[in-house]
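In what follows, a single structure is set out as structure tokens and then discussed.
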Amino acid sequence: MSPESKNPVSARIAFLAGRGDLPMLKITTAWSTAEIYLHGAHVTNFTRHNEPPLLFLSQSSRFEAGQPIRGGIPVIFPWFGPREGMVAHGFARVKPWEIQEVVHAPDGSVSVRFRLPASPEGAAYPPFLAEYVVTVSQSLQLELIITNKSTTAPLEYEDCFHTYFQVDDIAAVSIAGLKGLEYLDKVTGFSKKTETDDAIRISSEVDRVYLNATGTVDIRDARLGRVIRVEKENSASTVVWNPWIAKAQQMADFGDDEYQKMVCVESGNVNINKRILAPGKTASLRTTLSSFVL
Ligand code: TA6
């Protein structure tokens, strides 16, 4: 009997103390298991039954208030990258989010809606509402919904799902779906280049922001015999990152050899693709992560 034909209505939802005693939701559906920390509304695990985890989580990650988790899916908002005198990649990933709702749907999927509480850092922006919906089923669906609550001022921000995918060996991985696109290469001082490869191979530090990149990306893992598919909506930027050897050694919350086991393929709106939301308007960033046999 195939897994999909199992009784789809069954699901388990548990509220547990996770690593660092941070509160965590553990969700088990007929097809998959997921773990989500309220800290950063951070998905740290999504694993389909009888398959390797889809997401990479560093063995050296911190699980501390105010610190980012290294791995899984950091939610990047309201800025991407460094910012003078502020934490890198925005404050959303280091704040505790509140659970608004948990829905166990008739099709067996489980959705959790989170809300980002007001904070001193957020006060620097026009009033906004940030909500995040994570849906766990045969695939993992994410939606970040930002509403500009101001009646007068536009809300300017960047958003991104900074997803760390697990691979068996980075040397046997290729990434397809970005050919022909312009990108900013952070490794060479943000110089602008055009992707000429049908599929990208990684054999040194890679840190690229693909601009006006709205399409699906496939991560082909020849060792695991798996394709991870990253589909997205309302996202004009794709970021590809692997720190390789030197950067891996510089990161205290990342193992020296862990660069071989992960690649980030991130869906968002950053740099020239940043968002400018008119007063009263709402915008959402959505991605669906799935996998299938190569
Ligand atoms: O998304 C790629 C990137 O911006 C890299 O430049 C690297 O800094 C990475 O994010 C990790 O950033 P973090 O602040 O989590 O160490």
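Because only heavy atoms are used, hydrogens play no part in the values below, and waters and symmetry mates are left out as well, while side chains stay in. We count ligands from 1, going down the list as the structure has it; atoms in each ligand are counted the same way. Position 1 is the first residue of the sequence, and the numbers go up from there.
Regarding atom 8 (O) of ligand 1, its nearest protein heavy-atom neighbour is Lys186 NZ, 3.9 Å.
Atoms of ligand 1 found under 4.0 Å from any heavy atom of Glu266, numbered from 1 in the order shown, are 1 (O), 2 (C). Counting atoms of ligand 1 from 1 in the listed order, those under 4.0 Å from a heavy atom of Val239 are 1 (O).
Between Asp207 and ligand 1, an N or O atom pair is found at a separation short of 3.5 Å.
Salt-bridge check for Asp197 with Lys179: failed, with every basic side-chain N at 4.0 Å or more from each acidic carboxylate O. Ion pairing between Glu121 and Lys95 holds under the 4.0 Å rule for side-chain N and carboxylate O.
Residue-level proximity to ligand 1 for Arg70 is carried by the side chain, the only part with a heavy atom below 4.0 angstrom.
For atom 3 (C) of ligand 1, the nearest non-hydrogen atom from the set Met251, His89, Arg93, Gln250 comes from His89.
Between Tyr132 atom OH and Leu285 atom CG the span is 9.0 Å, to the nearest 0.5 Å. Note: Phe128 CZ to Asn148 CG = 10.0 Å, rounded to the nearest 0.5 Å.
The local environment of CZ in Arg220 is sparse, with at most 12 non-hydrogen atoms from other residues, nucleotides or ligands closer than 6.0 Å.
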